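For reference, the structure is listed below as structure tokens.
Here the structure is a predicted model, which is why all the values come from computation and not from measurement.
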Amino acid sequence: MTLNAQPAASLFIDGAFVEGEGAALPVLYPYTGEQIASLREASANQVALACQAAARAQPAWAAMMPADRGRVLSRAAAIIRERNKELSRLETLDTGKPIQETLVADWASGAAALEYFGGLAATVTGQMIPLGRDWAYTRREALGVCAGIGAWNYPSQIACWKAAPALAMGNAMVFKPSEETPLGALKLAEILLEAGAPPGIFNVVQGRGAVGAALVTDPHVAKVSLTGSVPTGRRVYAAAAEGMRHVTMELGGKSPLIVFDDASLEDAVGAAILANFYSSGQICSNGTRVFLQQGIAPRFLDRLAARLATIRAGDPLDPDTQFGPIINATQAAKIRAAIAAGRNAGARLVCGGLGEGAFIPPTVFADATDDMGITRDEIFGPVMTTLTFADEAEAVARANATGFGLAAGVFTRDLTRAHRVVAGLEAGTCWINAYNLTPVEMPFGGMKLSGLGRENGTAAIEHYSQLKTVYVGMGAVEAPY
């Protein structure tokens, strides 16, 4: 079957499709390697034009009644839900993720974000501060032009997660998706325009690192929001700092999932599967260091292996497929190198392995140590490393012994212990008796090298706006001279 996902053009600037003037950007279906679209990168001039269009459109958008901006976002959410089936198919072609995932976890989450922030827009208010005769008040105002830079694992969800709070607060956005998955953001731009967003409020530029660098350093850009790796985050953060730009960084992780002896075995195994193998393990918050208390470890590993043996890998467009391919050959090679290094370091392979072609099976290591590469380094693939521990203090100390701090989880029936443990974990997003659930109502983000700022929840409003304080004098002004 020939697959064609060619968009009208590669870029979306000032309310219209525009063809890129830069290098070719082929889009490949990860399952077969077939080219499904051919795009072109934006030139430096086109990046500048997109930022200029956003800067022109933003003041009038910010001056609208917040409820009116909210209605646009709500209409966009409704359009996405109406077209979820076709949008999910496009997401599967772009990412290689199974259609049974994309139907429920990608555009659906994006629609939820647009709806949530659409409803929140009119509720954002300032503060009145009485000062005796005088008084002061605060205004929460837009930043201006926001630059969004996405990752390839959840491209459309990420575009919505960044656009929704930015637009709700009266900003405009120029979004650069990953060069691996460029298609969904173009659909979002069309949908927002159809929903009533003025031209220039949401623009899309395509390209590799040079395009991102041009976007981050454009003089019109007041805010940069990146989802990506720690090395990329360091570079973008440094570039943004030159212009004193606001930043949100949602970066990588090597997150711990701690399972105590008293945990529900079936629930803990299910969470570990979600925390390592959903989206073929290509999720930044994955709990890839699974700490098992010594009493539960043998039963946990046996049950985990049994459940993983039933997983169905195959054609992502087949609704029965549960496990899809890795995004590209380069990433697959990195994952295989990590698996080989784990075996060479002495870790025991419980199940999985190198796989073939675009597929790497769910892989589980046991008998690992904290100093092994498979324990220390983010692999961004379907590789779980299990370690054993004796007591709570040991588990928390070892869980925190990393530069990352994106997420963490704990499974136990002792809720007092659960709350005590998460209070001690150095991670921005924690789960108790659950994992990798990220409803839009809940702030999401990291600590330490895993980033700063927050996506989602009311906390995101603070990162897409700025506070202005106004002092009001109500009487005569007295001066000493």
| query | Hey, is the main chain of L167 close enough, under 3.5 Å, to the side chain of W61 for a donor-acceptor pair? | reply | yes
Worksheet item: Going by distance alone, is a donor N or O of one side chain under 3.5 Å from an acceptor N or O of the other, for E91 and S156?
Response: yes
Quiz item: Got more than 12 heavy atoms from elsewhere within 6.0 Å of CD, E266?
Solution: yes
TODO: Indicate yes or no: at least one non-hydrogen side-chain atom of L183 is less than 4.5 angstrom from one of L39.
DONE: yes
Handout entry: Donor-acceptor contact below 3.5 Å, side chain Q206 vs main chain P182
Key = yes
The complete set of ring pair (Phe, Tyr, Trp, His ring centres under 6.0 Å) pairs with one or both residues in residues 139-186, sequence neighbours excluded, reads W152-F380
d(S280 OG, I335 CD1) to nearest 0.5 Å is 8.5 Å
Practice task
Examine distances only and state if a side-chain atom of Q46 and a backbone atom of E21 form a donor-acceptor pair shorter than 3.5 Å.
Solution key: yes
Looking at Q466 and A142, would you say the former's side chain and the latter's main chain have a donor-acceptor pair under 3.5 Å?
yes
| Are the charged groups of R83 and E194 less than 4.0 angstrom apart, N to O? | yes
Using only heavy-atom distances, determine whether the side chains of N276 and T288 contain a donor-acceptor pair under 3.5 Å.
-> no
Worked check of side chain to side chain contact (heavy atoms under 4.5 Å, CB included) between S255 and W431
CA-CA 11 Å; S255 299; W431 291 273; over 6 Å; no
Interatomic distance, CD@Q282 vs CZ@F277, rounded to 0.5 Å, equals 12.5 Å
Open item on the list: One thing to verify: whether R289 and D370 come together as a salt bridge, which I'm taking to mean a side-chain N less than 4.0 angstrom from a carboxylate O.
Closed with: no
The reported gap from CG in N153 to OG1 in T227 (rounded to nearest 0.5 angstrom) is 8.5 Å
Hits for salt bridge (charged side-chain N to carboxylate O under 4.0 Å, His left out) against E394, two or more places apart or cross-chain, chain-then-number order -> R398
Notebook entry, point to check: Going by heavy atoms in the side chains, are N433 and D267 under 4.5 Å from each other?
Noted result: no
Show your working on side chain to side chain contact (heavy atoms under 4.5 Å, CB included) between L25 and R40 and close with a plain yes or no. CA-CA 5 Å; L25 201 65; R40 301 197 72 85; 5.9 Å; no
In short, ring pair (Phe, Tyr, Trp, His ring centres under 6.0 Å) pairs touching residues 112-149 with sequence neighbours left out are W135-Y137
Taking side chain as C-beta onward, heavy atoms only, is I191 less than 4.5 Å from I80? yes
_Keeping R245 on the side-chain end and V224 on the backbone end, is there a donor-acceptor pair under 3.5 Å?_
no
Quick check against the 3.5 Å criterion: does Q6 have a side-chain atom that pairs as donor or acceptor with the backbone of S38?
yes
Verify side chain to side chain contact (heavy atoms under 4.5 Å, CB included) between V216 and R235, making sure each step is shown before the conclusion. CA-CA 10 Å; V216 169; R235 293 193 298 271; over 6 Å; no
Go through the steps to decide whether K254 and T375 satisfy the test side chain to side chain donor-acceptor pair (under 3.5 Å), and finish with yes or no.
-> CA-CA 8 Å; K254 192 71 178 177; T375 308; over 6 Å; no
task: Please check if atom CZ in R234 has more than 12 non-hydrogen atoms from other residues, nucleotides or ligands closer than 6.0 Å.
output: no
Is the count of non-hydrogen atoms from other residues, nucleotides or ligands lying under 6.0 Å from M128 atom CE greater than 12? yes
Nearest heavy-atom approach of R454 to A459 is CB-CB, 4.2 Å
request  = Determine whether more than 12 heavy atoms belonging to other residues, nucleotides or ligands lie under 6.0 Å from atom CZ of F17.
outcome  = yes
Give the intermediate values and the outcome of side chain to side chain contact (heavy atoms under 4.5 Å, CB included) for residues L192 and L73.
CA-CA 7 Å; L192 284 168; L73 300 185; 4.2 Å; yes
Is there a side-chain contact between P98 and Q322 in this structure, where contact means two heavy atoms from C-beta onward sitting under 4.5 Å apart? no
For L186 and S10 the tightest heavy-atom approach is CD2-O, 3.5 Å
Quiz item: Would you say the side-chain atoms of E242 pair up with the backbone N or O of T217, donor to acceptor, closer than 3.5 Å?
Solution: no
Sorted by chain and residue number, the salt bridge (charged side-chain N to carboxylate O under 4.0 Å, His left out) partners of D106 (sequence neighbours excluded) come out as K97
Those residues at least two apart in sequence (or on a different chain) that pass salt bridge (charged side-chain N to carboxylate O under 4.0 Å, His left out) with E378 are none
Given the side-chain rings of F291 and F411, with only the six-membered ring counted for Trp, is the space between their centroids under 6.0 Å?
no
Between D14 and L49 (side chain of the first, backbone of the second, donor and acceptor by atom type, cut-off under 3.5 Å), is there such a pair?
no
CD1 of I283 to CG of N436, rounded to nearest 0.5 Å, is 5.0 Å
### Query
Are a donor atom and an acceptor atom from the side chains of E101 and S279 found within less than 3.5 Å of each other?
yes
In short, side-chain hydrogen bond (donor to acceptor under 3.5 Å, both in side chains) pairs touching residues 168-184 with sequence neighbours left out are E180-N328
Is the closest side-chain heavy-atom distance between C146 and K162 below 4.5 Å? no
Closest heavy-atom pair, C160 versus A113, reported as atoms and distance to 0.1 Å, is O-CB, 4.3 Å
**Asked** Is any side-chain heavy atom of T138 less than 4.5 Å from a side-chain heavy atom of T469?
**Response** yes
* Does a donor on one side chain sit under 3.5 Å from an acceptor on the other, for Y464 and T248? -> no
Separation between CZ (R139) and OG (S465), nearest 0.5 Å, reads 12.0 Å
Practice task
Compare all side-chain heavy atoms of V421 with those of E392 and state whether any distance is below 4.5 angstrom.
Solution key: yes
- Between I258 and L425, is any pair of side-chain heavy atoms under 4.5 Å apart? yes
Using modelled atom types and a 3.5 Å cut-off, is there a donor and acceptor pairing between side-chain atoms of R69 and backbone atoms of M64?
yes
When rounded to the nearest 0.5 Å, the distance separating CG of L274 from CG of N286 is 9.5 Å
Please check if the side chain of T102 supplies one atom and the backbone of S88 the other of a donor-acceptor pair under 3.5 Å. yes
